[in-house]
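Convention: sequence-line order gives letters A, B, ...; per-chain numbering from 1.
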Protein chains: 2
Amino acid sequence: MAIPKRKGRMTTSSRIYDTLRQDLVNGRFEAGEKVAISSLKARYDVGLSPLREALNRLAAYGLLIQENQRGFRVPRLDRDELDDIAGMRRELEGMALERAIARGDAEWESELLAAAHRLKRADQAPESGDEWERLHGRFHRTLVAPCGSAWLLRFIEQLHDQFDRYRRLAPEAPEVRRVLDAQHGELVALALERDAQGARALMDDHIQRSYEVALGSFSRGRLTR
Amino acid sequence: MAIPKRKGRMTTSSRIYDTLRQDLVNGRFEAGEKVAISSLKARYDVGLSPLREALNRLAAYGLLIQENQRGFRVPRLDRDELDDIAGMRRELEGMALERAIARGDAEWESELLAAAHRLKRADQAPESGDEWERLHGRFHRTLVAPCGSAWLLRFIEQLHDQFDRYRRLAPEAPEVRRVLDAQHGELVALALERDAQGARALMDDHIQRSYEVALGSFSRGRLTR
DNA sequence: TTGCGATAGAAAATCGATTATATTGTCTTC
DNA sequence: GAAGACAATATAATCGATTTTCTATCGCAA
């Protein structure tokens with residue numbers, strides 16, 4: 001068995017990239033805001049070079065907008081773009097889910113059950129929102145993981161990050177939240193039954209409802225920072 | 001080789017990004033090769049900072065692999081990955097084409113005809129391969145442009161770049177090339193007739209044949225640099 | 001031999017300072 | 001007053017040098 005590589009191989013660049021990505025997805029920057037590089041330098045206590053490298057990566061990834069000679073901006077929240085992101089999520093995650101159901105093996109079933117269980121426990125422990133986010137992302141990743149297409153997974157990941165920018169700013173919607181949480185379990189059930197059609201339909205509905213929650217980012221949500 | 005200065009707001013970073021992207025897509029670097037930063041510095045006659053920023057962007061875009069503390073590598077050419085890329089192209093470009101046909105207006109029809117005509121002329125003038133590549137890319141972009149989804153277009157663009165890494169290394173296939181060239185015209189005809197089904201089917205076939213050409217990158221093509 | 005540790009050299013990552021560009025504010029002119 | 005020119009300031013981009021980390025090689029012991 002191969003020895004697991006040292007996790008410690010991290011550069012300042014990569015660390016700050018991860019941190020900034022999280023902070024951008026979680027709405028810790030005002031949408032549309034100009035990102036003053038020197039203020040980030042102070043805020044995260046890093047040098048210019050690794051910081052700029054991280055910003056360049058984030059711009060290529062789509063979480064920042066880069067304008068030559070004018071630095072970086074946080075993308076605006078835009079209703080049409082949210083529609084686009086949600087629509088693409090439906091298409092791509094539906095596709096990925098069907099394939100995953102066709103290809104996933106017994107090990108996948110186990111991991112899926114585990115991921116769903118962890119998420120369910122987090123649903124009921126409302127104290128740690130960040131932990132819930134982590135497990136939620138992980139559940140959705142696990143669901144589509146064996147779809148067989150690395151590029152499809154990559155795109156889905158990217159869309160999730162974009163989508164979450166909106167969702168995390170939206171006001172809480174406890175009733176919808178309860179439905180969404182329940183759907184996670186139903187998705188697992190349909191996946192285990194290998195009901196691709198049913199699962200895809202449910203995923204579609206799941207994303208649609210999430211989208212409706214995320215739409216809230218345009219009303220009250222924007223102001224509650 | 002010096003980086004040509006372009007008009008407009010351009011940074012060294014952006015210039016070298018464009019150049020490197022082209023060079024990577026066109027197979028001017030050996031697949032799997034480790035990219036020695038200092039050799040690039042000499043090759044393109046730029047400083048370390050803008051070069052590293054460009055490399056970071058390219059890694060986030062998927063044309064390079066970044067390994068912490070070990071710099072950058074050109075991704076290997078991998079048969080399974082080519083399958084993946086071609087498959088995703090079929091899915092996404094098919095989807096985009098259907099939507100474009102449903103939404104494209106008269107102006108789109110004009111631009112499409114123009115793009116197809118320019119490409120056709122380039123087909124018959126085999127001297128300038130780079131120009132043909134430019135017009136070919138432009139034609140395919142025009143075809144799907146009014147699909148209505150910026151993210152879909154973004155993903156398609158990215159997949160094209162990935163696909164072309166393989167295609168440009170593959171040996172010439174004049175007979176298939178002739179078929180592919182003819183299909184461009186047929187695609188325009190079907191688009192103008194608003195035959196979404198037919199156009200999608202043809203696009204599927206078009207990508208499939210291109211894929212078969214690109215497969216050649218695994219035999220002789222690899223050596224013809 | 002084979003494996004281990006030390007080490008010199010190479011390469012990547014980062015820093016501190018400089019240069020180039022954009023932005024802001026002020027003054028002038030019409 | 002509004003528009004434009006200019007200077008002052010702020011910020012982005014880049015450079016040259018330094019620090020850190022990897023990698024190849026060697027000597028030595030089992």
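Distance, B:Asn56 CG to C:dA13 C1': 11 Å, rounded to whole Å. Summarising the geometry, the separation between CZ on A:Phe72 and C1' on C:dA22 is reported as 16 Å, rounded to the nearest angstrom. Note: OH (B:Tyr44) to P (D:dT14) measures 17 Å, nearest angstrom. Atom CG in A:Leu55 sits roughly 10 Å away from atom P in D:dA13 (whole-Å rounding). Computed from coordinates, the B:Glu53 CD to C:dA13 P distance equals 14 Å when rounded to whole Å. Rounding to whole angstrom units, CZ of residue A:Arg52 and P of C:dG16 are separated by 17 Å. Here the P atom of nucleotide D:dA12 and the CZ atom of B:Arg15 are 19 Å apart, to the nearest Å. The distance between atom CD of B:Gln66 and atom C1' of C:dA13, rounded to the nearest whole Å, is 11 Å.
Residue B:Arg9 has a polar side-chain atom (N or O) positioned under 4.0 Å from OP1 or OP2 of C:dA22.
With the nearest nucleotide of DNA chain C identified for both B:Glu67 and A:Leu48, B:Glu67 has the one nearer the 5' end. Position along DNA chain C of the nearest nucleotide to A:Ser13 versus A:Asn68 favours A:Ser13 as the more 5'-ward residue.
Distances were taken from every side-chain heavy atom of B:Pro50 (C-beta onward) to each of C:dT14, D:dC15, C:dA13; the shortest belongs to D:dC15. Set against D:dT21, C:dT14, D:dC15, the side chain of B:Gln69 has D:dT21 as its closest nucleotide.
Between B:Arg73 and B:Glu67 there is a salt bridge, with a side-chain nitrogen of the basic residue lying less than 4.0 Å from a carboxylate oxygen of the acidic one. Contact check on A:Asp161 versus A:Arg165 returns no salt bridge, with no Lys/Arg side-chain nitrogen under 4.0 Å from an Asp/Glu carboxylate oxygen. Checked for salt-bridge contact, B:Arg21 and B:Asp18 miss the test: no charged N lies under 4.0 Å from a carboxylate O.
Listed by chain and number, the residues in a side chain to side chain donor-acceptor pair (under 3.5 Å) with A:Asp123 are A:Trp132 (sequence neighbours excluded). Evaluation of the salt bridge (Lys or Arg N to Asp or Glu O under 4.0 Å) rule for B:Arg138 yields no partner, not counting sequence neighbours.
In this structure, A:Thr12 reaches the sugar-phosphate backbone alone: every heavy-atom distance under 4.0 Å involves primed, P, OP1 or OP2 atoms, never a base. Contact annotation for B:Thr11: backbone-only contact, meaning every heavy-atom pair under 4.0 Å involves sugar-phosphate atoms and none involves a base.
Around NZ of B:Lys120, the count of heavy atoms belonging to other residues, nucleotides or ligands within 6.0 Å does not exceed 12.
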### Task
Classify every nucleotide of nucleotides 6-11 of chain C by which part a protein heavy atom approaches to under 4.0 Å, writing B for the base, S for the sugar-phosphate alone and - for neither, in 5'-to-3' order.
------

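Taking the centre and axis of the six-membered ring of B:Phe29, the NZ or CZ atom of B:Arg43 falls inside the cone set by 45° and 6.0 Å.
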